[in-house]
Amino acid sequence: MASQPLTEYERKRLENIKRNAEMMASLKLQSKALELSSATKRDRIEKKGYKITPDKKPKSETPVIMRRSLRTRGLPPDPSTAKGLVDNILPPPLKTLSTLPPKSPTAAKLGPLSFQEANMGDSSNRIFIDSIMDMLDNTSFGKRHLVGSGGSLDLDSMVLKQENVVSVMPGKISNLRFFPSDYRSMIVAGDKFGNIAFWDVDSKGSDGIYLYQLHTTSISGISIHPFNLSKVFSCCYDGLVRLLDVEKESFDLVHSSDNTIVSLSQWPQDANSICFSEGRGVLNVWDMRAGKSSSSWVLHDDRINTIDINPENTNLMVTSSTDASACIWDLRQIDAGRPKNLMVVNHKKSVHSAYFSPTGSCLATTSTDNNVGIFSGADFMDKSMVYHNNHTGWLISSLRAIWGWDDSSLFIGSMKREVDVISIEGNTRSLQSSDMSAIPCRLAVHPQKVGTLAASTSGGQIYLWTQS
DNA sequence: CATCACCTTAAGACA
DNA sequence: TGTCTTCCAGGTGATG
């Protein structure tokens, strides 16, 4: 501690901070359970009404309330949130504040989290479990990609029905995925409060949304194994990686780190390994059986935002990084202690995503330098840069171009509250709907259902586009 | 060179 | 309707 004399003001401020810290510490655990039940009900009750009329909600409180109570009660143990809380009480100097909350490595539970204690919603764990089980039992795995159906997708037939504008969770959605099931449409989404929501789209009833808090800060990645639907992983800036275990009715702890975990991926042919990025540029390959890292490489100079494995040649991995590059690696060949670098894509600014196309023969990158890079042809040598406004600021999740159901087009959210569709030739069209009242920043396509696309917002909503 | 303060931005809550 | 808070982006410009 510096030995500076404290002014009256400063002393008071410190008291407040201390008080807050104590309050948070004491509430940390129990408040979670408390939140769960209280917030839960509200959320659930509204859900239906909210679902149908996203514009207004007269008497009933929307789930958003939950967000508020969460923070007000000091649930979040992490420093950044604590800072915000203190700021509310004492406006002026945030300067010293940043130093005050000792970077506590989060108060996350370092162990499995039961459905019971993680459930933030009103929905029954039993129904959730049954739904998942039902999906596991009835999903068949044929060819994963509907390749070759080129041109079968008619954008004009894609619609956003009003009932498919749904508020599934309180916070900004940072990630979403479809379960790769031809039997059922189920979406998993993660938000900035560490919540994971499962939306069972086909359950048209009042229920169908299951909300769990697995983490303490923003979810940074979700991965579902393409052929093993029970392998649902989540990772978070809080340094944890968790795995859904339906049979044990819990979210297991796979790994905990002092560093942030930024992205996560799996190999199509191997359900016993995962890989995730950690801190500034580190990539870990994790052996699930051994319960430890089997490889760890520094691949970038800054955070790795996405990791993607080539579906055709699973030795190829592509990473995108804040260091303004995206790289393709050959995992078979180790070169100077790390995988051989086959290709570097240079952008002028941070690269927020890099994804292989469904056939694996193309690559798409998205950067805040306002370009979407498209690479095709032999060794991805045919390159084109398509201008696209990717400037989101920090309130909206960065935009990421994802591939549709074949190699012909990319989908990416637009600041104009539209979903832009970029053809591989570089032409841009867009999906528009007056029901998209917010920016659809993160997207996901249903692997088995052509024309079914989900877009998420900073307000916890999902727009589900379908083919009419 | 590394760290820090500050600003931008959209969206919901609230007055 | 206007105002206020958000907050792990990222650039810029100042400071140590």
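Quick note on labels: first sequence line is chain A, next is B, and so on, each numbered from 1.
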- For DNA chain B, just give me the dot-bracket, please: Watson-Crick or G-U, both distances below 3.5 Å, ( ) intra-strand, [ ] crossing earlier pairs, | paired with another strand, . unpaired. ||||||||.||||||
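- Listed by chain and residue number, nothing satisfies the side-chain contact (heavy atoms from CB on, under 4.5 Å) test with A/Ser434 (two or more places apart in sequence, or in another chain).
- If you measure from atom CG of A/Asp369 to atom C1' of C/dA9, you get 15 Å, rounded to the nearest angstrom.
- Separating the CG atom of A/Asn305 from the P atom of C/dC8 is a distance of 14 Å, rounded to the nearest angstrom.
- When each of C/dC8, B/dA10, C/dG10 is scored by its nearest atom to the side-chain atoms of A/Ile439, the top-ranked nucleotide is B/dA10.
- Here, C/dC8 and B/dA13 have their C1' atoms 24 Å apart, quoted to the whole Å.
- Using cut-offs of 30° and 60° on the angle between ring planes, the pair A/Trp286 and A/Phe276 is tilted.
- Protein atom CZ of A/Arg417 is 9 Å distant from nucleotide atom P of B/dG12, rounded to whole Å.
- Scored by the ring pair (Phe, Tyr, Trp, His ring centres under 6.0 Å) test, A/Tyr355 finds no partners at all (sequence neighbours excluded).
- When rounded to the nearest whole Å, the span between NZ of A/Lys172 and C1' of B/dA11 equals 11 Å.
- Protein atom CD1 of A/Ile173 is 13 Å distant from nucleotide atom C1' of B/dA11, rounded to whole Å.
- Nearest to the side chain of A/Thr322, among B/dA11, C/dG10, C/dC8, sits C/dG10.
- Here A/Asp301 pairs with nothing under the salt bridge (Lys or Arg N to Asp or Glu O under 4.0 Å) rule; sequence neighbours left out.
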Is there any protein nitrogen or oxygen under 3.5 Å from a nitrogen or oxygen in nucleotides 7-9 of chain B, and what are the pairs?
unit_1: B/dT8; atom_1: N3; unit_2: A/Trp394; atom_2: NE1; d: 2.8
unit_1: B/dT8; atom_1: O4; unit_2: A/Trp394; atom_2: NE1; d: 2.6

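- Shown here are the side-chain contact (heavy atoms from CB on, under 4.5 Å) partners of A/Ala197, two or more places apart in sequence or in another chain: A/Val168, A/Met169, A/Leu211.
- With sequence neighbours left out, the side-chain contact (heavy atoms from CB on, under 4.5 Å) criterion links A/Ser234 to A/Ile196, A/Leu214, A/His215, A/Arg242.
- Listed by chain and number, the residues in a salt bridge (Lys or Arg N to Asp or Glu O under 4.0 Å) with A/Asp156 are A/Arg429 (sequence neighbours excluded).
- For the pair A/Leu160/A/Leu431, no side-chain contact is recorded, criterion being any heavy-atom separation below 4.5 Å from C-beta on.
- Counting non-hydrogen atoms under 4.0 angstrom, A/Arg280 reaches nothing in the nucleic acid.
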Can you tabulate the close N/O pairs, meaning under 3.5 Å, that link protein atoms to atoms of nucleotides 11-13 of chain C?
none

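- A/Arg338 meets the salt bridge (Lys or Arg N to Asp or Glu O under 4.0 Å) test with no other residue; sequence neighbours excluded.
- Straight-line distance from the CD atom of A/Gln461 to the P atom of B/dA11: 10 Å, rounded to whole Å.
- Taking atom CG of residue A/Asp302 and atom C1' of nucleotide B/dA2, one finds them 14 Å apart after rounding to whole Å.
- In this structure A/Ser250 satisfies the side-chain contact (heavy atoms from CB on, under 4.5 Å) test together with A/Pro112, A/Asp245, A/Lys248, A/Asp252, sequence neighbours excluded.
- Take A/Tyr212 and apply the side chain to side chain donor-acceptor pair (under 3.5 Å) test, not counting sequence neighbours, and it matches A/Asn125.
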